[in-house]
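A quick note: this is a predicted structure, and the numbers were derived from the prediction, not measured.
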Amino acid sequence: MFYRESGQLKSSYVADQAMFPIAQDRWFVFGVLALAFLVAPFFINEYWANAILLPFLVYALAALGLNILTGYCGQVSLGTGAFMAVGAYASFKLVGFFPEVNFLIVLALSGVVTAAVGMIFGLPSLRIKGFYLAVATLAAQFFLIWVFNKVGWFYDYNLTGMITVRPIDFFGVRITGPEATPAAKYLFTLTVVCILALSAKNIVRGRIGREWMAIRDMDIAAELIGIRPLRAKLSAFAVSSFYIGVAGALYFSIYLGAVEPVEAFDINQSFYVLFIIIIGGLGSVLGVFLGSAFIVLIPILLKNIMVGGMGFDSGMAGHVEILLMGMLIIFFLIVEPHGLARLWQIAKEKLRLWPFPH
Amino acid sequence: MAFDIFLLEVILSGLMTGVMYALVALGFVLIFKASGIFNFAQGVMALFAALALYDFLAEDGWFFAVFGFTLPVWLAIPATIVVMIVLAWVIERTVLRFLVKQNEIILFMATIGLAFVLEGLGDLLFGSDVKPLDIGIPQGASDWLLDSFNLYIEQLEIFAAGTAAVLVAILAIFFQRTRIGRALRAVADDHQAALSVGVSLDKIWVIVWSVSGIVALVAGIMWGSKSGVQFSLSLIALKALPVLILGGFTSVPGAIVGGLIIGVGEKLAEVYIGPIVGGAIENWFAYMLALVFLLFRPQGLFGERIIERV
């Protein structure tokens, strides 16, 4: 009754190609953004920022990157953790070299560095496909982490082998380290994520995004109609790694503050991000936010229920948590293999007809 | 000639490690061949099997707590096999059955979920501490080789190599000569054609998961005897992946040869290149080897030639 597009006539091509063609969708998105930008910063505290909102945003961004590669271009990658590490270490070194440069520029440069590394490891995708490629990206995962662990230059020959973020001011406001307020960290991350999500939405609707989807759906057919696989695949690797690199830089600088490569960027990170896009929905920008919320919130919820509600000790709860997490993943794959984004779409279809049956 | 002996030792110990990798890779290949599923849970299955076996043998397990006695080795192994078969049946009933016809990445993710479930279940049931597994496989260096050729080789590794050879022979006979084996190969060839001539897909899947569960048990016993039953056992699954790439996802001989190449290459690299670049290159060397290899032969050593049509 309320959610209908009837009467919303489009009189120009611009209106026809709008990102959210239905007014209700538009208002809904504006509403969520207003809530996130104008209301949430006043209520945020340390717990909410560190346990929920920052990981949610950072993982959503990393998942967005992986979704560009896997969901839109069809190339499965298990090297996300390592590419996040590249972004993190790039931002660490860049801030060390140029402390005066605006952090947004540092983030962008970290993304560019990661994109370059991603393109190198994307080269095999021109010859190999599917699981062979997935395993090949594991080479990136193990090799890069080893490099960050072994080569002292990357962690400034620090004896602990860890990297710790330097204090960074963004237009006079401290955004990293313990002195930064949760609201500042949150707002900065949110801004970056929103800008990048908006760009991603537009990239995948444009020419290059269509090339990726053609490659994903059938690469030989795509080649026959004149899409160059070299350009399409490598650009997908580059853009995807850029996003993952920025996510890694945020993960290190703003969310964690100090990282040790073997633990913070291990293969489980790669799986974590892969879970997000599968549960959220392959090939959907909305999906990565839904999936990220799911993956970040469920463990917290389970832990609260088990430790707080039922009085399990935390070791036991850890095992049960893994068990339930695995079951939930399988359950979701069985019930809705196209992810939460698809459920959202079904809900919208239903809403259009409501309250009438047809 | 001390140097040559050393080289020989490195190569032999690499071969033996390779056999261990091959055992895990074998389980992957079986499932991939028959169902096209890339079973990430294979490593955890090995862990789970070893835990179950330990449980039957040890006095601090469930079995002892419930029945008041422990099983001898010759009974415990069949009992564990039964556990793995039941596990395969449960997996087929609760997971695979609902995911037929899904995209392969969805199935792959489901097996990662499965790995989580088995890991959590194993920890809950059997605890997460390191357990020594001793089923009477000889330990220590082989005296005869040490005396007559001055070679240091673990008896356990020779035993593992022998077991692997027997296992492969049995599997080969099973696949080539028995009725079920033929049905398995038919399913591997073409699901739909197999269904239409009356092969029951459900049954075949249970069988193939059981067989790879048994292979996982063998791998679990070998690794467990070597370094104790612990969580890191499930990580050898990751080591089996480059083996698969090298050998091809669908080839049993490929898994063996690939395992041996990776084992030897890794050991040689660790000994001769490792010290130059700072060591611990075992973690990624296998992947790099596989990656370089893939650039020249995308389908692996023995994999079926990939023919692509629009």
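Going from atom CD1 of A:I334 over to atom CD1 of B:I106 covers 11.5 Å, rounded to the nearest 0.5 Å. Considering CE of A:M327 and CG of B:L121, their distance stands at 7.0 Å, rounded to 0.5 Å.
For A:F275, the parts lying under 4.5 angstrom from a heavy atom of chain B are both the backbone and the side chain. Both the backbone and the side chain of A:L333 come within less than 4.5 Å of a heavy atom of chain B. Only the side chain of B:F40 comes within less than 4.5 Å of a heavy atom in chain A; its backbone stays farther off. Only the side chain of B:L99 comes within contact range of chain A, with heavy atoms under 4.5 Å apart. For B:A290, no part lies under 4.5 angstrom from a heavy atom of chain A. For A:L328, no part sits under 4.5 Å from any heavy atom of chain B, backbone or side chain. Heavy-atom distances place no part of B:T111 under 4.5 Å from chain A, backbone and side chain included.
By the neighbour-count criterion of 12 heavy atoms within 6.0 Å, atom CZ of A:F294 is densely surrounded, having more than that number from other residues, nucleotides or ligands. Annotation for A:R228: atom CZ does not count as buried by contact number, only 12 or fewer foreign heavy atoms lying within 6.0 Å. Around the NZ atom of A:K93, the shell of radius 6.0 Å holds more than 12 heavy atoms that belong to other residues, nucleotides or ligands.
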Could you walk me through whether B:W284 and A:I145 pass the side-chain contact (heavy atoms from CB on, under 4.5 Å) test, one step at a time?
CA-CA 9 Å; B:W284 56 266; A:I145 297 302; over 6 Å; no

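In this structure, A:I329 and B:M109 approach most closely via the heavy-atom pair CG2-O, 4.2 Å. Here the shortest heavy-atom pairing between A:I322 and B:G120 reads CG2-N, 4.1 Å. The two residues A:I330 and B:V117 have their closest heavy-atom pair at CD1-CG2, 4.3 Å.
Residue-level contacts of residues 62-85 of chain A with chain B, in order of numbering, are A:T70, A:V76, A:L78; threshold 4.5 Å between heavy atoms.
Applying the side-chain hydrogen bond (donor to acceptor under 3.5 Å, both in side chains) test to B:Y287 and every residue at least two apart in sequence or in another chain returns nothing.
For B:F116 and A:F271, the distance between ring centers is not under 6.0 angstrom.
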